[in-house]
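One structure is given below, encoded as structure tokens.
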Amino acid sequence: MLECEMDFFNRKKTKEYENMTEKLQTIIEDGSSDSAIKKAAQILRAGGLVAFPTETVYGLGGDALSPDAAAKIYAAKGRPSDNPLIVHIADTDALPILAGEVPEKARMLAEAFWPGPLTIILPKKDIVPDATTGGLPTVAIRMPSHPAALALIRESGLYIAAPSANASGRPSPTLASHVAEDLSGRIDMILDGGPVGIGIESTIVDLTGDTPTICRPGFITKEMLTSIIGNVEIDPALIHPSKDARPKAPGMRYTHYAPKGELTVVEASDPESASDPEEAKRVADTISRLALEKENEGFRVAILAAEENSMYYSRGHVITVGSVRSGVTVAARLYAALRECDEAGAEVIYSESFDGTDISDAIMNRLLKAAGQRVLHIS
Ligand code: AMP
Ligand code: MG
């Protein structure tokens, strides 16, 4: 490992992660098999950890009402314990059991978007341990739509706390093999459901304040939420990220999703013109020039490009990320593409911008976080 890579891992991982000496035998089973779901449910009821597919990314599940299970999740991921977990449910009846107050807007959103990629933050009841909510008086709740996730929650009879099933700081897993890469030997079981559908984490909306606020953008957009409950704000710290801005969702404060190489997003003069072929060519020319310079300095370079632009590049290791005409295809490939940068040993990475696509708030939020907000605007 290069020194900068060692530094990357040392920076990202907690002491509990480093000190975890017990090596578990992680079994991988087919998430569509009834017997595998039964086995996974038993493991969860016994206090163990199971990674399972959801429609957004793979989750790392444990009993949400057990502080010990929550502690195991944090240790396995190397996740800071002040970064709360989302509680997954299979029935809206769970809402008044977990949340102290269930406002009408929560019911309306649940009716419109559950099961699906929306997480709702509400005041918590005492039954939800502080270990699960990172000490917060609120709880994040979601009903996923993936059949394996729903089957597992029902079969276990539990509420399942499940953050993304990656090692903390790594891109979220969109394949069972990504989970195995990060967490083998640290968890009891992986349910393999093949590639996930959406590819980026759920939209999080906080309903505990005066105005509903998006703490993390996702597949469910601000417009979709507004159409059901009226005025919705986006956490200002997400729109203008800076060292001083403090995002409402603790997880959005950490450098996340990062590949090991240094990633820079290269943006056209009009950031929303990503699908204009002339602008795309100008961006590609700039990236090609930068890639050549870095290769001449001896660095391994990877380029993240939309499918329709990949032909413009003759330098660097080109990794395609969906189409600029369809944000959902970009979302579905983004995390796998970031992991492929690591596999290619990329030390320097340039990415096109995917602003201007549908769900671009969600995509650009993840991409810019992966880039540590490094953006090069071409004039
Ligand atoms: P993950 O499950 O890995 O996608 O991470 C869960 C995300 O939900 C993190 O960004 C957390 O900070 C956020 N989250 C969970 N519970 C709360 C809460 N009660 N208030 C604000 N954000 C939360
Ligand atoms: Mg995560």
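Quantities reported herein were computed from a predicted structural model and do not represent experimental measurements. Counting starts at 1 for both ligands and their atoms, in listed order.
Using a cutoff of 4.0 Å between basic side-chain nitrogens and carboxylate oxygens, Glu297 and Lys294 are scored as salt-bridged. With respect to Arg107 and Glu111, no salt bridge is recorded, no charged nitrogen being found less than 4.0 Å from a carboxylate O. The pair Asp285-Lys281 meets the salt-bridge criterion, since a charged nitrogen lies less than 4.0 angstrom from a carboxylate oxygen.
Closest non-hydrogen pair, Glu155 versus Ile37, comes out as CB-CG2, 3.9 Å.
Those atoms of ligand 1 that come under 4.0 Å of a heavy atom in Pro163, given as number and element, are 1 (P), 2 (O), 3 (O). Listed by number with element, the atoms of ligand 1 under 4.0 Å from a non-hydrogen atom of Thr138 are 18 (C), 19 (N), 20 (N). Ligand 1 places these atoms under 4.0 Å from at least one heavy atom of Ala140: 15 (C), 16 (N), 17 (C). Residue-ligand proximity, Ala249 to ligand 1, at heavy-atom distances under 4.0 Å covers atoms 12 (O), 21 (C), 22 (N). The ligand atoms of ligand 1 that sit less than 4.0 angstrom from a heavy atom of Ala162 are 2 (O). Close approach of ligand 1 to Asn83 (heavy-atom distance below 4.0 Å) involves ligand atoms 9 (C), 11 (C), 12 (O).
Between Glu201 and ligand 1, a contact under 3.5 Å exists for no N or O pair. Some N or O of Arg216 is nearer than 3.5 Å to an N or O of ligand 1, by distance alone.
The environment of Asp34 atom CG is sparse: at most 12 non-hydrogen atoms of other residues, nucleotides or ligands sit within 6.0 angstrom.
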Point to revise | Worked verdict on Asp182 versus Arg339 for salt bridge (charged side-chain N to carboxylate O under 4.0 Å, His left out) | key: CA-CA 11 Å; Asp182 284 13; Arg339 281 176 183 261; 2.9 Å; yes
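With hydrogens and angles disregarded, no donor-acceptor distance shorter than 3.5 Å links the side chain of Thr174 to the backbone of Tyr335.
Within the coordination shell of the Mg ion (ligand 2), defined by N, O or S atoms under 2.8 Å, Asn166 is absent.
If you look at Arg79 next to ligand 1, the close heavy atoms, those under 4.0 Å, all belong to the side chain. Contact annotation: for Thr119 versus ligand 1, there are no heavy atoms closer than 4.0 Å. The part of Ile204 lying near ligand 1 is the side chain, judged by heavy-atom distances below 4.0 Å. For Leu136, every heavy-atom contact with ligand 1 shorter than 4.0 Å involves the side chain, none the backbone.
Neither side chain, Thr26 nor Arg186, offers a donor N or O lying under 3.5 Å from an acceptor on the other. With no hydrogens or angles considered, a side-chain donor-acceptor pair links Arg142 and Thr54 at under 3.5 Å.
Residue Thr133 places no heavy atom under 4.0 Å from ligand 1. Residue-ligand proximity: Ser202 is placed with every non-hydrogen atom at 4.0 Å or more from ligand 1.
Note that the CD atom of Gln373 and the CG atom of Leu263 stand 10.5 Å from one another [nearest 0.5 Å].
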